[in-house]
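I have placed the structure first, in the form of structure tokens, so that the comments after it can refer back to it.
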Amino acid sequence: MNNKDIAKILYEISDILEIQNVQFKPRAYQKAAMNIETLDEELKEIYKKGGIKAIDALPGIGESIAQKIEELLKTGKLKYYAQLKKQFPMDIAGLTSIEGLGPKTAAKLYQKLKIKNLKTLEAAARTHKISKIKDFGEKTEQNILRGLEFLKSSGNRMLLSEALPLAEKIIAELQKVKGAKKVVYAGSIRRMQETIGDIDLLAVSDHPKLIMDAFVGLPEVESIHSKGETMSSVRLKIGRDTDLRVLPPKSFGAALQYFTGDKNHNIEVRKIAIKRGYKLNEYGLWRGKKIIACETEEEIYKKLVMETPPPELRTASGEIEAAKKNSLPKLVGYNDIRGDLQIHSEQTDGSASIEEMADAARKMGYKYMAITDHTKSLAMTGGLNEKKLAQQGKEIDKINKKFQISNFKFQILKSAEVNILKDGSLDINNETLAKLDIVSAAVHSNFKMSRVEMTARIIKAMQNPYLNILFHPTGRILGRREGYQIDIDAVIAAAKKYGVALEIDAYPNRLDLRDEHIRKAVEAGIKLVIDTDSHSPAHLQFMKFGIAQARRGWAKKTDILNTLPADKLLTAFKNLKKK
DNA sequence: GCCGTTTTCGGCCCGACTGTTTTCAGTCG
């Protein structure tokens, strides 16, 4: 029984308690489930080490839920859950994945029509049995059928790199509407989360109706979920939902605050407001019937006696406590990066020449970049061997000389994405590695090793005296694969011991390290780099996603080595090795 | 059922929109 299984059961208990109109408990179970999902250690392990006490100590989990987890870990079953399930034996998670269908509706459908899952739901909707139940009608039935179609056609969430340009395009169209003073994105896009469910937009306008009409009439819109004076929700043709809120100009800051933080952040902030005798909603911070702050986010947070957390941090994971103590970190900025340390050329699997990539990097305002082609054991990319790496080095020397003559103040660093073999050795000899400016390495094969073996393999590679950076340390690909099993704490400890920096790979479907790993690395005091893993000039633009990832991991400028000028960067790598 | 800068007891975030009915429950973010 792993964390996912346990969380799923707790979510289901929450839903059933919700159906039974139990007060407060649903939220408690939901919170516990959410916290369990984000743990990076298995409850099984935590229990083995610290027993029920250690489980009880986890946030959102108290005596009662801890006991239930213990029962699940020991027996694989939970009596309390089985009892609840007897009354409501339907697939609640499946049924409630339909937009607009919640646990209570699922319960009614079960009680009236014995609907247990999506299959029986569809059959009932198609034969018009649903519209005949009391409290249900024609529209509800249609909405259920539409929801079923949507589920069949859509995948999970979209990448930030897909959502951001789409949001920007819609914003550009809405800004043309008469009376539109401001249109911005909020929600998970403003937090720069790695994946996005819905797009949340905010507009400020004195003519809300005009902008709402324009919004639901956009060519990208497929259908309208709801349309009101201040809020509308649509489904786009690409199968994604977008919500727009229109507010009076004065409420802009309050609305931005309200619609940026995730649910947990907002709950926490509103609690603080209540404690201080206020009420906080999307129109402002209220004392009684009087608004005392609303125009900017800063004045609202200030009235609550705290700093304004950067949007990327607003997930109730410590930023509120830090903001109260004025101890929020000064995060690495979107303009702090001076060079990109993972770039591929056409000599392996890139699409452009070294010089073309360098031109693109200079246009980004960088002072340097590293060419990191694959090495020989990655046969499918035509990986370079020792001889070809030496040749590439000579070519780089020539281009650098040319740049010097043109007074470009830009340097190409010699590097490589060296393969870590199954036994943890590198596939390029040390003599050749010694001649590179920076040595980076990554795992590209044998992904399915056990956690113990994979961790040992990577740590062995980190012991190589020439290794400077471990690229995309977990190997995960968003929407495709989990990543290999590693003990991230052990890898971080090894990074510290052997003077190796860890990469934050900015490629939109990698974003590897993950935010919580970055945070651990920062706390452990190890150094990081942010690279794009570019295979074409256009990919260099991905840097902002890597920086966002670093920010969500609480990384400061000083934690990120490629915020340094080239000479200091190379010295920093050397110094890491001396320790 | 959880939690603690009001608290080991008494609180627990907030509002808009829909659908189906006539005043609101359910859902969503």
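Each chain gets a letter, A, B and so on, in the order the sequences are listed, and its residues count up from 1.
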inquiry  = For a side chain to side chain donor-acceptor pair (under 3.5 Å) check, start with the C-alpha distance between A/Tyr11 and A/Glu37, then their side-chain angles and the critical distance, and finish with the verdict.
reply    = CA-CA 11 Å; A/Tyr11 276 124; A/Glu37 272 181 325; 2.8 Å; yes

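Among the protein residues, A/Lys271 comes within range of the sugar-phosphate backbone only, with heavy atoms under 4.0 Å from sugar or phosphate atoms but none that close to a base.
A heavy atom lying under 4.0 Å from DNA chain B marks the following residues of residues 127-144 of chain A, by number: A/Asp135, A/Phe136, A/Gly137, A/Glu138, A/Lys139, A/Thr140, A/Asn143. If you check residues 100-121 of chain A against DNA chain B, the residues with a heavy atom closer than 4.0 Å are A/Gly100, A/Leu101, A/Gly102, A/Pro103, A/Lys104, A/Thr105, listed by number. For residues 60-72 of chain A, proximity to DNA chain B is found at A/Gly60, A/Ile61, A/Gly62, A/Glu63, A/Ser64, A/Ile65, A/Lys68, defined as any non-hydrogen atom under 4.0 angstrom from a strand atom.
Within the structure, a side-chain polar atom (N or O) of A/Lys279 is placed less than 4.0 Å from OP1 or OP2 of B/dG15. OP1 or OP2 of B/dC17 lies within a sub-4.0 Å distance of a side-chain N or O belonging to A/Thr230.
In this view, A/Ala107 and A/Ile19, A/Phe88, A/Met90 satisfy the side chain to side chain contact (heavy atoms under 4.5 Å, CB included) rule, not counting sequence neighbours. Annotation: side chain to side chain contact (heavy atoms under 4.5 Å, CB included) contacts of A/Lys250 (sequence neighbours excluded): A/Cys294, A/Glu295. Not counting sequence neighbours, A/Tyr110 has no partner by the ring-ring contact (aromatic ring centres under 6.0 Å, His included) test. Contacts of A/Ile52 classified as side chain to side chain contact (heavy atoms under 4.5 Å, CB included), with partners at least two apart in sequence or in another chain: A/Tyr47, A/Ala66, A/Gln67, A/Glu70. Annotation: side chain to side chain contact (heavy atoms under 4.5 Å, CB included) contacts of A/Ala123 (sequence neighbours excluded): none.
Note: CD1 (A/Ile267) to C1' (B/dC12) measures 10 Å, nearest angstrom. Rounded to an integer number of Å, the gap from A/Glu229 CD to B/dA16 C1' is 12 Å.
Applying the salt bridge (Lys or Arg N to Asp or Glu O under 4.0 Å) test to pairs two or more places apart or on separate chains, those with a residue in residues 115-127 of chain A are A/Glu122-A/Arg126, A/Glu122-A/Lys152, A/Arg126-A/Glu149. Counting only residues at least two apart or on different chains, the side chain to side chain donor-acceptor pair (under 3.5 Å) pairs with a member in residues 309-318 of chain A are A/Glu297-A/Arg314, A/Glu312-A/Tyr334, A/Glu312-A/Arg551, A/Thr315-A/Ser317. Identified under the side chain to side chain donor-acceptor pair (under 3.5 Å) test for residues 321-331 of chain A, with sequence neighbours left out: none.
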Side-chain donor-acceptor contacts of residues 171-186 of chain A below 3.5 Å, not counting sequence neighbours, with atom names and distances?
unit_1	atom_1	unit_2	atom_2	d
A/Lys181	NZ	A/Asp206	OD2	2.6

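Base pairing annotation: B/dC9 forms a Watson-Crick or G-U wobble pair with B/dG4, both donor-acceptor distances under 3.5 Å.
For A/Ser232 and A/Ala32, each mapped to the nucleotide of DNA chain B holding its nearest heavy atom, the one lying further toward the 5' end belongs to A/Ala32.
Residues A/Glu194 and A/Arg510 are not paired through a salt bridge, judged by the lack of any N-O separation under 4.0 Å between the basic side chain and the carboxylate.
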